[in-house]
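First up is the structure itself, then whatever we jot down about it.
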Number of protein chains: 2
Amino acid sequence: MQNIRVAVDAVVFGYANHKLYVLLIQQKFGGSQLQWALPGGLVQNDETLKAAVERELKEETNVSVKYLEQLYTFGDDVHRDHRNRVISVAYLALVDSSNIEIQANTDALDVAWFPVDELPDLAFDHNTIVHKGLQRLQAKLTYEPIGFDLLPQTFLFSDLEALYTSILKKEIDRRNFRKKMLGFGILEETEFYCQQKAGRPAKLFQFKPAEYQRLQQEGFYFEIKFV
Amino acid sequence: MQNIRVAVDAVVFGYANHKLYVLLIQQKFGGSQLQWALPGGLVQNDETLKAAVERELKEETNVSVKYLEQLYTFGDDVHRDHRNRVISVAYLALVDSSNIEIQANTDALDVAWFPVDELPDLAFDHNTIVHKGLQRLQAKLTYEPIGFDLLPQTFLFSDLEALYTSILKKEIDRRNFRKKMLGFGILEETEFYCQQKAGRPAKLFQFKPAEYQRLQQEGFYFEIKFV
DNA sequence: GCAAAAGTGTTCGTACTACACCCATGG
DNA sequence: CCATGGGTGTAGTACGAACACTTTTGC
């Protein structure tokens, strides 16, 4: 008789201060040590996997995501939990973290953003899962315009550029980057300018998803490459 | 109480006659209509997901694969089976089908290769799974040298080319293709020639995985693009 | 000698790379 | 007037795209 539990976990990325962050929680019923973990939990009998992720995120962290895709299913750690074997379907989520109030909801003791480069030891195999999520994000950034899901609706070009360079850990020429991005025709200049920090005011841009879809159907491919 | 079963299914691709094939089985205890289905079955409590796939493939079809990767987890059809909900972790497998004797083993009534373009109605959501597998294969062909896992160890350049054009359904210039492929430096000319069918005899080539790995670590990227 | 498939080079255009100076604002 | 970050153009190069004839064999 099969005795395996099915869980979902979410790697939720946010971007701020020129750094990539992961959303972590401390579970109420953690037992032994209070380790940080990815938000997630068991799937209910009558809900889809995706619905389960969304429910857990709401219950535990109060975020709602801008982008969500299935990442990978981790099920090879046969003894991850000593009572029942658990396999975990991991999801990758992106949020505009500037626009979000996280809070520990009913099921979580605490919730916080951690810079992805400075993670503590996480529960179970969650470090592995985050790593896989980061790899996926890095790969997808180069061939799908998903970076915009980490930014506010209108954003500065310099932020977009910093997002790419910091997540991919590669340098890039500012002029070439701008030329290429604008060349796609999927960005729109707004009439607004940034409330300055210093220096010359910068135009705010926004991503045009509809235009991207249209172009895509014509055989257009988004692609940002670095040396 | 959670009541969900965990299964694995494999999309096994083979290549022959300039066509891509999928390996299908008819299950012994299919119940109602005898539909064709992907090889697969329930995961045992103490085996990894990958081991489960390999076991089922052996039990049902007697193939051993050259390439195996996790594809996607299908779990949103809450009523796929009316007694228990089942989620299925699908794997993508590639075999050198010229070198394989398939046979219905203990658990299968019948086993056969079907051209991927002429599939019957499959059990459950298996048509969807095959489709996803095909998409993944098409994508990976262009940025990883996995086409070789569908070919015999030594092969003709014309076969390699036909593999690409038929799976990706795009034309390509023979000279440019050859130039590019050889330019990578991951192929080796053997001293053998093809037993002719007609025309000028053709050299046999082989893939050098070790050389590919070496280059990869130096930052080399395999990439085959089409218009 | 002809049918069938294999093998091979060059030209052209495009797209990426590298690179440095001026601009607009706030303090 | 200076510090800060924003905005812009050009020249060189390398790579992909297009394209057609010769070679070797079997029959």
Side-chain angles (χ1 to χ4, degrees), chain A residues 16-18 141-143 151-152 154-166 168 170-206 215 218-227, chain B residues 16-18 141-143 151-152 154-166 168 170-206 215 218-227:
Chain A
N17 314 318
H18 291 195
L141 269 186
T142 70
Y143 66 88
L151 292 172
T154 65
F155 53 86
L156 302 177
F157 229 99
S158 53
D159 281 339
L160 183 60
E161 188 197 322
L163 187 151
Y164 270 85
T165 55
S166 69
L168 297 178
K170 303 243 173 104
E171 290 304 305
I172 191 170
D173 181 89
R174 187 152 45 102
R175 282 172 288 193
N176 293 339
F177 180 75
R178 191 183 179 109
K179 209 184 310 172
K180 182 143 198 204
M181 268 292 178
L182 290 176
F184 291 143
I186 57 177
L187 293 187
E188 195 167 46
E189 229 176 274
T190 69
E191 52 184 325
F192 303 103
Y193 286 78
C194 160
Q195 328 287 7
Q196 282 104 255
K197 6 186 187 188
R200 176 173 172 175
K203 285 182 207 136
L204 287 163
F205 288 81
Q206 65 183 316
L215 286 167
E218 291 176 4
F220 158 85
Y221 288 98
F222 178 89
E223 183 169 46
I224 294 284
K225 280 220 191 141
F226 297 91
V227 182
Chain B
N17 314 318
H18 290 196
L141 269 187
T142 70
Y143 65 88
L151 292 172
T154 66
F155 53 86
L156 302 177
F157 228 99
S158 55
D159 281 338
L160 182 61
E161 187 197 324
L163 186 151
Y164 270 85
T165 54
S166 70
L168 296 178
K170 302 245 173 99
E171 290 304 307
I172 191 171
D173 180 89
R174 188 151 43 101
R175 281 171 290 190
N176 292 339
F177 181 74
R178 190 182 180 107
K179 209 184 311 171
K180 183 142 197 204
M181 267 292 179
L182 290 176
F184 291 143
I186 57 176
L187 293 187
E188 193 166 46
E189 232 176 271
T190 69
E191 51 184 327
F192 302 104
Y193 284 79
C194 158
Q195 329 285 10
Q196 279 105 257
K197 10 188 187 189
R200 176 172 172 176
K203 286 181 206 135
L204 286 163
F205 287 81
Q206 65 182 316
L215 286 166
E218 291 177 4
F220 157 85
Y221 288 98
F222 177 89
E223 183 168 46
I224 292 285
K225 279 221 190 140
F226 296 91
V227 182

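Order of the sequence lines fixes the chain letters, A, B, ..., with proteins taken first and strands second; residue numbering starts at 1 for each chain.
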* With heavy atoms under 4.0 Å as the rule, sort B:K225 into base, sugar-phosphate or nothing. => nothing
* Distance in angstrom units between A:M181 CE and C:dC16 P, rounded -> 13 Å
* Below 4.0 angstrom from OP1 or OP2 of C:dA6, is there any side-chain N or O of B:S158? -> yes
* Asked: Got a donor-acceptor pair under 3.5 Å from the side chain of B:R174 to the base of C:dG7?
  -> yes
* Using heavy atoms to find the nearest nucleotide of DNA chain D for A:G199 and A:N176 separately, return the residue whose nucleotide is more 5′. => A:G199
* To do: Considering just the side-chain nitrogens and oxygens of B:R175, establish if one lies under 4.0 Å of OP1 or OP2 belonging to D:dA18.
  => no
* Give a yes or no on whether A:E223 atom CD has more than 12 heavy-atom contacts from other residues, nucleotides or ligands under 6.0 Å away. => yes
* Asked: Taking only side-chain nitrogens and oxygens of A:R200, does any of them come within less than 4.0 Å of OP1 or OP2 of D:dT4?
  -> no
* For the pair made of CZ in B:F177 and C1' in D:dG16, what is the distance, rounded to whole Å? -> 15 Å
* Asked: Mind checking whether A:Y193 and A:K203 have side chains closer than 4.5 Å, heavy atoms only?
  -> yes
* So, do A:F226 and A:L168 sit near enough that their side-chain heavy atoms are less than 4.5 Å apart? -> yes
* Asked: Rounded to whole angstroms, how far apart are CG on A:D159 and C1' on D:dG6?
  -> 12 Å
* Structure fact -> note: A:L204, atom CG; D:dG7, atom P; distance rounded to Å ~ 9 Å
* Look at the rings of A:F157 and A:F177 and say which category their plane angle falls in: under 30° parallel, 30 to 60° tilted, over 60° perpendicular. => perpendicular
* Mind calculating the distance between CD (B:E223) and P (D:dC15) to the nearest angstrom? => 13 Å
* To do: Take the angle between the ring planes of A:F220 and A:F184 and call it parallel below 30°, perpendicular above 60°, tilted in between.
  => perpendicular
* Minimum-distance nucleotide to A:A202 side chain [options: C:dA6, D:dC19, D:dG6] -> D:dG6
* To do: Tell me whether the OP1 or OP2 atom of C:dA6 has a side-chain N or O from B:K203 closer than 4.0 Å.
  => no
* Side chain proximity check, A:K225 to B:Y221, heavy atoms < 4.5 angstrom -> no
* To do: For the helix from C:dG1-D:dC27 to C:dG27-D:dC1, measure the angle between the helix axis at one end and the axis at the other, each built from five pairs, rounding to 10°.
  => 0°
* Asked: Is it true that atom CD of B:E218 has more than 12 heavy atoms of other residues, nucleotides or ligands lying nearer than 6.0 Å?
  -> yes
* To do: Round to the nearest Å and state the distance from B:F226 atom CZ to D:dA18 atom P.
  => 13 Å
* Could you state the atom-to-atom distance from CZ of B:R178 to P of C:dG9 in whole Å? => 10 Å
* Rounding to a whole Å, what distance do you find between B:Y193:OH and C:dG7:P? -> 8 Å
* To do: Determine whether any donor atom in the side chain of A:K179 lies under 3.5 Å from an acceptor atom in the base of D:dT10, or the reverse, and answer yes or no.
  => yes
